[in-house]
Amino acid sequence: MEKLIIFLPLLAAIISGFFGGIIGNKASQIITSLFVSLSALLSIYIFYNVIINGYADNIIITKWITSGLLDVNWSIKIDQLSSVMLVVVTLVSAIVHVYSIGYMSHDPHQPRFMSYLSLFTFAMLVLVTSDNFLQLFFGWEGVGLCSYFLIGFWFKKPTANAAAIKAFIVNRVGDFGFALGIFLVFYIFGSVNYEEVFNQVALFKDNNLNFLGLELNAINLICFLLFIGAMGKSAQIFLHTWLPDAMEGPTPVSALIHAATMVTAGVFLVVRCSPIYEYSPVVLNFITVIGMSTALFAATVALVQNDIKKIIAYSTCSQLGYMFFATGVGAYNVAMFHLFTHAFFKALLFLGAGSVIHSFHDEQDINKMGGVYKHLPYTYVLMMIGTLALTGFPFLSGFYSKDLIIEFAYLKNNTVGYYACGIGIFTAVLTSIYSWRLMFKTFHGEYNNKSQPISSMHESPMMMLVPLVILAIGSVLVGFFFKDLFMGYGSFSNFWEGSIFFLQPLTTDHPPGYILYLTPILVTISIPFSFYIFLKNKSFIEGLTNSNKPIYLFLKNKWYFDELYEVLFVKSSKFLGKYFWKKIDGLVIDRFGPDGLSNLFKYFSIKASKFQSGFIYQYAFVMLIGFSIILTIIIVN
Amino acid sequence: MNFPILSSLIILPTIGALFILFGRSSSKYNAAKYISLFVSLANFILSLYLWYLFDKANSGFQFVEERIWLEGFINYKVGIDGISILFIILTTFITPLCIISVNSTIKNRLKDFLVAILFMETMMIGVFCSLDLVIFYLFFEAGLIPMFLIIGIWGGERRVYSAFKFFLYTLLGSVLMLIAIITIYWMTGTTDVIELYQIGIDAKYQDLLWLAFFSSFAVKTPMWPVHTWLPDAHVEAPTAGSVLLAAILLKMAGYGFIRFSVGLFPVASEYFVPLVFGLSLIAIVYTSLVALMQEDMKKLIAYSSVAHMGFVTMGIFTMTPQGIEGSIFQMISHGIISAALFLCVGVVYERMHTREINKYGGIVSVMPRYAVVFMIFTLGSLGLPGTTGFIGEFLILLGTFKVNFLVATIASLGVILGAAYMLWLYKRVVFGEIKNTEVNKLVDLKRSEMIILSVLAFVSILFGFYPDPLLSTTSASVQGLIDLFNININISTASNL
């Protein structure tokens with residue numbers, strides 16, 4: 001059955017990819033959606049089985065690489081962690097598949113699109129069910145590849161192509177760290193299989209090694225390098241630049257890959273490696289810092305963006321930051337909880353945004369929308385639910401998971417923890433403001449689109465709305481229903497045992513009451529506040545931006561990361577490449593190497609050939625000179 | 001002795017070539033084509049049979065044949081182990097594909113071209129199974145002649161310059177190797193590789209001998225800074241020539257490093273590790289950057305070959321099982337993938353008569369099937385897991401990491417650059433709007449092109465997911481080589497104490 005879960009999407013991808021032209025659009029849509037839905041149902045069954053019966057298994061499919069001590073298998077590992085991921089991946093994927101049928105209905109390449117979606121699902125499943133680092137890496141690059149394909153799906157758009165390449169390369173930078181991490185794991189533990197590695201961590205916790213001239217603790221270094229990989233995939237600050245650009249892809253892709261599943265792979269990696277990370281408090285603190293910086297940074301940028309998808313993209317970035325700082329303070333299960341709830345409401349928001357974009361005929365600028373809530377009633381309500389859940393409005397799913405993260409940050413009881421807690425609360429407020437800005441500007445106020453009459457606005461087809469409804473139900477309920485499971489309350493107290501490792505059991509204390517109530521209160525207050533500044537009194541915002549132009553531009557231009565990287569990496573690589581090619585290869589090696597050599601020979605042979613002039617008197621003269629020199633030498637001696 | 005299977009493999013293509021050469025020259029070339037295709041396929045099947053018979057658990061040489069040649073001095077001796085057999089199969093696998101591809105690319109003197117290819121196959125197989133230094137040298141050098149002719153006769157505009165550059169470079173190194181071989185003979189009284197493995201060469205003389213061999217292999221690999229002949233040779237060579245050059249000819253040097261540099265001169269190999277690592281790193285990073293800026297498709301792939309071979313040389317001199325197995329794997333993988341990439345370039349070159357990247361763009365709209373196969377090889381080249389490219393690079397880096405963190409870290413940067421130049425190439429050629437109206441006239445892959453490229457794609461994906469048949473073939477012999485190496489190093493350090 002586990003094999004079915006993994007291979008059904010692959011089969012769907014192959015059928016739709018290679019035979020899509022033959023079987024037609026309808027058939028490939030039905031096949032891919034059906035297969036992935038089947039896979040989702042089976043995953044839910046497995047998840048149920050894991051919860052109720054404590055089911056766990058590790059199925060070896062076949063061996064992959066054997067070389068010296070290295071021994072790696074293709075495997076399917078089912079435990080609590082992977083079963084949670086299975087559900088998230090297959091469920092959101094199935095929903096997105098169905099939604100895409102409606103969304104992509106006018107596209108000339110539908111089978112190809114469906115095939116990529118299914119292929120992505122397969123790669124993601126391979127990633128989460130791996131029992132070793134290498135298969136994880138396979139899935140890791142595989143999802144990156146599918147993301148590349150899907151971002152660049154509209155291959156005629158230059159921006160889409162550029163974004164696709166950017167996504168791949170930035171991810172490769174992360175993978176560079178990740179790969180080094182895997183090498184180091186193998187170097188230290190002599191294996192890349194989780195079980196063998198995790199069992200030995202405690203033995204090696206004091207091992208030092210000399211890395212690039214620095215004396216470092218091996219475990220710290222492993223954790224750090226693996227985290228670089230996670231930063232790339234989960235778009236954390238410094239390696240986040242690809243995610244907003246990735247919005248060039250079709251919207252269902254953004255929902256599936258760039259919100260619910262692929263970008264959470266980094267969080268999954270850290271949680272999966274909790275047995276190693278637990279021995280590296282230094283790196284955990286580092287993760288907390290990176291996580292909270294990302295959360296804050298992305299939220300500030302989201303405040304001033306005008307592209308509806310980019311706002312949600314930065315919001316994703318920011319929420320991933322939350323997940324990371326949850327892992328950083330050691331609350332891995334809380335990170336997983338937020339990952340779980342986030343998948344629902346963020347996919348909902350993206351698909352809702354897709355529905356809006358669909359109605360506006362591919363317009364994404366929120367300044368060119370507004371006042372359409374009556375025309376798009378379902379989309380409006382559904383996105384409202386998503387927004388409430390995201391901002392952590394009481395009793396919706398985001399409320400439980402986000403507040404727990406803030407609580408655990410506080411309970412960490414150290415400086416980093418307190419900082420994280422403070423920034424977590426502040427970012428929650430920002431989240432609420434930018435989310436409501438999006439809602440108000442899109443649906444309320446005046447209709448601002450000049451190119452399309454408001455009467456042309458129409459609600460999306462059922463095919464797109466039904467998936468949204470499912471996600472909306474999830475966004476409302478999963479927080480409440482799965483809180484006990486993820487937190488290990490009550491009868492689930494040992495749920496995570498065997499897949500998440502806590503060096504010290506997670507604290508059961510509660511932070512002081514004001515921390516508990518602060519976030520929901522602030523978040524709720526910010527709704528009327530946003531309503532006021534974005535709708536009622538627009539001059540306030542204008543005044544604010546005009547008086548703080550530099551800050552506004554700084555945020556608007558995303559802290560100038562792209563510009564900096566352009567100069568630092570892209571331009572300099574191109575310059576070096578050109579320099580090496582033209583100057584060193586051309587002017588040094590060739591000039592003094594083969595060309596120089598042949599010129600040298602040519603030079604001497606021309607000289608030598610001059611001796612053979614054919615004039616007898618010249619030869620006689622040379623003979624005479626030579627004869628007299630020899631004679632002189634003999635006489636002198 | 002049983003059926004002389006190795007000698008048959010060596011001689012069969014030549015017999016075919018002679019048939020074509022002396023056969024009745026008809027105005028139609030079909031006979032020559034079918035003979036060559038038949039012979040090369042037969043050879044391929046024979047090599048598969050050899051692989052089937054091959055004992056993977058045995059680390060020594062198998063199928064050894066020995067015949068007296070120059071009485072008392074030099075014998076004709078051939079045999080294979082787990083290191084060489086894969087190269088033989090690679091050769092016999094690529095040659096028929098080349099012959100099929102020739103169909104459409106070579107317009108004049110097709111018969112002679114086929115003779116050259118078959119003759120080259122003989123030489124290559126000879127290189128990979130010779131167990132005598134002199135025999136090896138003969139095959140090694142004779143293999144250059146057909147290549148020289150292929151570039152010089154069927155090449156592009158600057159073919160004469162390229163052919164001479166190619167010859168000048170490669171010959172210069174070879175002369176030194178010949179001197180070294182003669183020296184070895186005078187020192188030990190034999191040129192038999194198996195015997196030399198056993199008696200060993202005096203550590204005092206290893207350094208110079210190593211350098212002499214190195215100069216020959218480094219040129220052919222090619223390593224930085226003696227790599228500049230390769231881009232020129234590729235650019236001027238016809239498609240089939242490029243394929244043979246990239247897929248097989250370059251591998252002779254990598255094979256030579258493993259068999260002779262490491263095998264015969266372990267002490268010197270150990271001593272020169274920093275040199276090799278340094279040059280390999282430069283090759284990886286430097287040529288990747290250069291590849292990024294190329295405007296000619298073939299040059300770009302040629303430079304990427306230099307970078308990939310940089311991984312190979314680095315992996316060999318790690319002296320770890322992963323490093324050496326990875327290097328062998330990387331060579332096989334590069335043989336498949338670079339061959340395919342050159343074929344891909346050939347496909348569009350033949351239709352548009354230009355290799356300039358800027359002249360293309362948007363061809364996915366007119367050649368969707370081509371776009372798919374080209375994508376597969378692009379991914380293979382950038383080392384995506386699931387293709388053979390990944391396994392080789394990964395094992396090499398894993399092995400290197402064990403030996404030297406810094407080297408492995410810098411080399412890993414090459415993986416990022418590899419993704420950059422390949423994807424950028426792909427984007428500029430395949431994606432985007434059609435700007436050049438000529439592109440509209442392109443037709444998608446013909447059946448013969450489709451067959452060749454699908455076969456290559458299938459193989460590179462198959463062994464990406466299931467590399468075990470290849471890895472298990474090499475592992476025993478590689479381990480044997482490393483054991484031999486360690487014993488020698490221990491002896492030499494003990495004698496120094």
Side-chain angles (χ1 to χ4, degrees), chain A residues 62-70 74 134-135 137-142 144-145 148-149 152 155-158 160-162 164-165 168-169 172-173 175-176 179-180 182-184 186-187 209-213 573-574 576-582 584-586 588-590 593-595 597-598, chain B residues 164-165 168-169 172 225-229 231 286-294 303 320-322 325-326 362 364-365 379 382 384-386 390-391 394-395 397-402 405-406 408-409 412-413 415-417 419-420 423-424 427 430-433 465-468 471-472 475 479:
Chain A
T62 174
K63 61 179 164 179
W64 185 18
I65 304 180
T66 317
S67 172
L69 285 174
L70 183 71
W74 291 109
L134 212 55
Q135 186 187 330
F137 191 71
F138 169 85
W140 195 265
E141 292 255 294
L145 174 72
Y148 163 82
F149 283 150
F155 53 81
K156 286 187 178 169
K157 266 168 80 182
N161 286 322
I165 292 191
F168 199 91
I169 309 264
R172 270 264 156 142
V173 175
D175 294 352
F176 160 73
L180 288 180
I182 296 175
F183 299 150
L184 191 58
F186 182 71
Y187 178 79
L209 48 82
N210 190 321
F211 186 77
L212 312 186
S573 299
K574 285 186 176 175
L576 274 179
K578 197 132 198 163
Y579 183 83
F580 286 153
W581 176 31
K582 295 283 188 195
I584 299 191
D585 267 17
V588 180
I589 297 178
D590 270 0
D595 295 355
L597 210 61
S598 55
Chain B
F164 274 99
K165 202 173 179 183
L168 198 68
Y169 258 124
L172 204 71
V226 286
H227 65 284
T228 59
W229 63 270
Y286 172 109
T287 49
S288 296
L289 284 169
V290 173
L292 198 60
M293 294 313 292
Q294 294 305 308
Y303 273 110
T320 55
Q322 287 88 12
E325 276 184 51
V364 60
S365 309
L379 297 174
L382 62 82
L384 191 89
F390 169 73
I391 314 262
F394 175 79
L395 287 175
L397 289 171
L398 192 69
T400 311
F401 196 85
K402 224 177 199 172
F405 293 157
L406 180 65
T409 308
S412 303
L413 287 175
V415 178
I416 303 175
L417 291 170
L423 289 180
W424 200 33
K427 180 202 120 181
V430 176
F431 288 148
E433 293 277 4
F465 278 91
Y466 192 66
D468 200 57
L471 290 175
S472 63
S475 63
Q479 195 55 53

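Protein chains get the first letters and strands the later ones, always in sequence-line order, with residue 1 at the start of each.
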What verdict does the side chain to side chain contact (heavy atoms under 4.5 Å, CB included) test give for A:Phe186 and B:Gln322, after you've listed the backbone C-alpha separation in whole Å, the side-chain angles of each residue and the deciding distance to 0.1 Å?
CA-CA 12 Å; A:Phe186 182 71; B:Gln322 287 88 12; 3.6 Å; yes

Given a strict heavy-atom distance threshold of 4.5 Å, which part of [X] is in contact with chain B: side chain, backbone, both, or neither?
X	result
A:Leu145	side chain
A:Phe580	both
A:Tyr187	side chain
A:Tyr148	side chain
A:Trp140	neither

Heavy-atom side-chain proximity of A:Thr66 to B:Leu471 below 4.5 angstrom
no

Can you find a heavy atom in the side chain of A:Thr62 that is under 4.5 Å from one in the side chain of B:Asp468?
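Side-chain contact under 4.5 Å: no.
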
Top contributor to chain A contacts, counting heavy-atom pairs under 4.5 Å, from B:Gly432, B:Ala420, B:Ala419, B:Ala408
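Looking at each of B:Gly432, B:Ala420, B:Ala419, B:Ala408 in turn, B:Gly432 comes out on top.
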
Of B:Tyr169, B:Tyr466, B:Phe465, the largest count of non-hydrogen pairs under 4.5 angstrom with chain A goes to B:Phe465

So, taking the atom named CD1 in A:Ile182 and the one named CZ in B:Phe394, what distance separates them when rounded to the nearest 0.5 Å?
6.0 Å

Nearest 0.5 Å, please: how far is CZ in A:Phe168 from CD1 in B:Ile416?
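Rounded to the nearest 0.5 Å, the CD1-CZ separation comes to 11.5 Å.
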
Taking the inter-plane angle between the rings of B:Phe401 and A:Phe183 on a 0 to 90° scale, is it parallel (under 30°), tilted (30 to 60°) or perpendicular (over 60°)?
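Correct class here is tilted.
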
Go through the atoms of B:Ser475 and report whether side chain, backbone, both or neither lie under 4.5 Å from a heavy atom of chain A.
neither

Hey, does the side chain of B:Trp424 reach the backbone of A:Ile165 with a donor-acceptor pair shorter than 3.5 angstrom?
no

Which atoms form the tightest heavy-atom contact between A:Leu180 and B:Ser412, and what is the distance?
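Smallest interatomic distance, heavy atoms only, reads CD2-OG, 3.7 Å.
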
